[in-house]
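Read through the structure below, which is laid out as structure tokens, and then see the notes.
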Protein chains: 4
Amino acid sequence: MEYIAKEAGIGKGTIYEYFASKERLFEEMLKFCMEEFCLGLKKAMDQGETIAEKLQYCSHYNAEYLIDHMDIVEIAMQVNLLNEELRVHFLAGQAAIRAHYMAMVKEAKVKAELRVDLDDELATFCIIGALDEFCKQRVFIDQRPLAEIDHRGIVDMILRGLKY
Amino acid sequence: MEYIAKEAGIGKGTIYEYFASKERLFEEMLKFCMEEFCLGLKKAMDQGETIAEKLQYCSHYNAEYLIDHMDIVEIAMQVNLLNEELRVHFLAGQAAIRAHYMAMVKEAKVKAELRVDLDDELATFCIIGALDEFCKQRVFIDQRPLAEIDHRGIVDMILRGLKY
Amino acid sequence: MEYIAKEAGIGKGTIYEYFASKERLFEEMLKFCMEEFCLGLKKAMDQGETIAEKLQYCSHYNAEYLIDHMDIVEIAMQVNLLNEELRVHFLAGQAAIRAHYMAMVKEAKVKAELRVDLDDELATFCIIGALDEFCKQRVFIDQRPLAEIDHRGIVDMILRGLKY
Amino acid sequence: MEYIAKEAGIGKGTIYEYFASKERLFEEMLKFCMEEFCLGLKKAMDQGETIAEKLQYCSHYNAEYLIDHMDIVEIAMQVNLLNEELRVHFLAGQAAIRAHYMAMVKEAKVKAELRVDLDDELATFCIIGALDEFCKQRVFIDQRPLAEIDHRGIVDMILRGLKY
DNA sequence: TATGAATGAGGTTTCATTCAT
DNA sequence: TATGAATGAAACCTCATTCAT
């Protein structure tokens, strides 16, 4: 808390004027970030016309957010270790994100961009998982700057699949 | 440390006969777990004949491991917040896992099970990401028991892709 | 201080316009209460004609004050733990109370209501101690309402003594 | 807590090996002191043959205890301000003391040392109150050393009463 | 070698006080 | 004059680590 106060340029006690405890501060931060990310993702998604475009915008947004908020994402990852209330917030956020992707999948099926026999949920897992894994590698491990990340390939592969 | 000692049925001080610090204990545990997971994954993979079979075994192994070691996986997730040395171990473990999957992809291309024009790395992201996301949902959120998790669907979707 | 300000319906900072510190506020409050109690006690005492009547009025006043100011009395009790200056005020107040009782004793000796060989100080201890102990029990522990407290018995016993 | 640890010649954390919290430490101390006082009072009481002797021993013990444990008594007085659990312990201790005195009164009535028409409870109030008030004055205010305190007078007055 | 009582740095939280408005 | 947001010293408590046995 002392460190956070110093970073914020305020006194240690001032934090407690706005957050009842360290845990509540965490909770609010998490809620804020998840909402922010969720809104941003929706916006990114809506910039695309076709599903391929949408996914590329999503991938780009993923990478951008991860680069800008690397520390927060790392903290959010440990949230499972915190109390039950925080976990609930976190899972709710993840559910919201999944819902956006799933809506996109359904719409794409209607527009005949995706196979109509797809299981919506499984398709959503493929999309989120592949994009996240790609993003994690490019940003965390390769530490590549945003401009150098090419999203077309991963999106293409998700859509076309791997089979011969 | 006291809790760990009690669980291990030894004295608190005895831990320090074997590990210099809590951090080192963490490190060893992480190393051990990643190696164990890695070996198990390889074994699971090798049980399958075709790439589809292999991936189903991998997905099953993923779920099994997560169920049995839920607490360790959660701790591993927070590893990013620990010191640099631990992070290195963690990333090395992830790299090893990725290598296994990539070798599998390459072999499948040789056997003409996968498209030969695939980018190996991107294909690996799709596979790992989708399997992980699927497993996370089924185990963490749906809290479904191992026997009730159906892996065929997710594997089929990864291989066939989503496009119409 | 925040709580006090809220109860008083003023801002927290406003208290400091009237009292230099929490300690001073305490001091003033204590002084005020002791003076108020002292005056009230004198008045009660003077309502009685005989010593027996006087003591009954005192006992009634004791109980009344304790019921109405239970919280303040509790705070006053902790005053010993506060700084030397407060202690002085407190002791001065007690001395004043004692003085009232002792004057009453002396007057009663003159009027031949009390034995003339009495040590004034010791008689005062008997009176104050017995009345206080009685009051403490009836109000704090028995939690009896004012109207139900019978003062005659205790006064009679003080005056007549215990011996066969 | 730091101060207590220092006084005890141990580390701050060591206290917490023996007491779960500051409040529990308080509680144990209070319980210990009340029991100690109670036992000592009973012993003192039993040293006397007649009621007058018993009361003189009690008065002496009161003064002795107050001199030796002045700080603890002051802390115990503020106990009303602490939590409910502590208050219960405190009141239980006071009740035990009262019980000892009341038993003494009853016995003295049987032995025809005290008037048989006495109300036991009221007599107990007279005794405890007068002895406490006397002790408080001599020790706290007069600050007289133990040897110089004369207990005969107060006891005599309690027994004989004040009336002409 | 194994132990756990003792330690104290460091963490969270409170609250009397200040001061800009 | 009145305010209450900001402050930080100081309080309580935890827990990784040590060391005498």
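Letters go in sequence order (proteins before strands), and every chain restarts at 1.
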Inset, instruction - Would you check if the distance from the ring center of B:F26 to the ring center of B:F19 is below 6.0 Å? - result: no

Legend entry - Euclidean distance, atom CD1 of residue A:I4 to atom C1' of E:dT13 [Å, nearest integer]: 14 Å

Legend entry - Whole-Å distance separating the NZ atom of D:K22 from the P atom of E:dT14: 15 Å

Legend entry - 5'-most by nearest nucleotide on DNA chain F - C:I10 or D:M1: C:I10

Inset, instruction - Considering just the side-chain nitrogens and oxygens of C:Y16, establish if one lies under 4.0 Å of OP1 or OP2 belonging to F:dT1. - result: no

Legend entry - Rounded interatomic separation in angstrom, taking OH from C:Y18 and P from E:dT17: 18 Å

Legend entry - Nearest listed nucleotide, side chain of B:S21, among F:dT17, F:dC13, E:dT13: F:dT17

Legend entry - Straight-line distance of D:I141 CD1 to D:K136 NZ, nearest 0.5 Å: 7.5 Å

Legend entry - Along DNA chain E (nearest heavy atom to each residue), the more 5'-positioned of B:T14 and D:G13: B:T14

Inset, instruction - Could you verify whether a donor N or O on one side chain and an acceptor N or O on the other, from B:Q143 and B:R138, lie under 3.5 Å apart? - result: no

Inset, instruction - Give a yes or no on whether a salt bridge exists between C:E133 and D:R98, defined as a side-chain N under 4.0 angstrom from a carboxylate O. - result: yes

Legend entry - Spacing of C:E2 atom CD relative to F:dA6 atom P, expressed in whole Å: 13 Å

Legend entry - Watson-Crick or G-U counterpart of F:dT21, or none if no pair lies under 3.5 Å: E:dA2

Inset, instruction - Map C:G9 and B:A20 onto DNA chain F by nearest heavy atom, then report which one ends up closer to the 5' terminus. - result: C:G9

Inset, instruction - Look through every strand shown and name the nucleotide pairing with E:dG11 as Watson-Crick or G-U wobble, where both distances are under 3.5 Å. - result: F:dC12

Legend entry - Donor on one side chain, acceptor on other, A:E36 and A:Y65, under 3.5 Å: yes

Legend entry - B:R24 CZ to F:dT17 P, straight-line distance once rounded to whole Å: 11 Å

Legend entry - Any N/O donor-acceptor pair, A:K12 side-chain to E:dG11 base, under 3.5 Å: no

Inset, instruction - Measure from the side-chain heavy atoms of A:E17 and tell me the nearest of E:dT7, E:dA2, F:dA6. - result: F:dA6

Inset, instruction - Would you classify D:F19 as touching base, sugar-phosphate or nothing, given that sugar-phosphate means primed atoms plus P, OP1 and OP2, and contacts are heavy atoms under 4.0 Å? - result: nothing

Inset, instruction - Round to a whole Å and report the spacing from NZ of B:K6 to C1' of F:dC15. - result: 14 Å

Inset, instruction - Write down the distance between CD1 (D:I15) and C1' (E:dA5), rounded to a whole number of angstrom. - result: 14 Å

Inset, instruction - Scan C:Y3 against the nucleic acid and name what it touches under 4.0 Å (heavy atoms): base, sugar-phosphate only, or nothing. - result: nothing

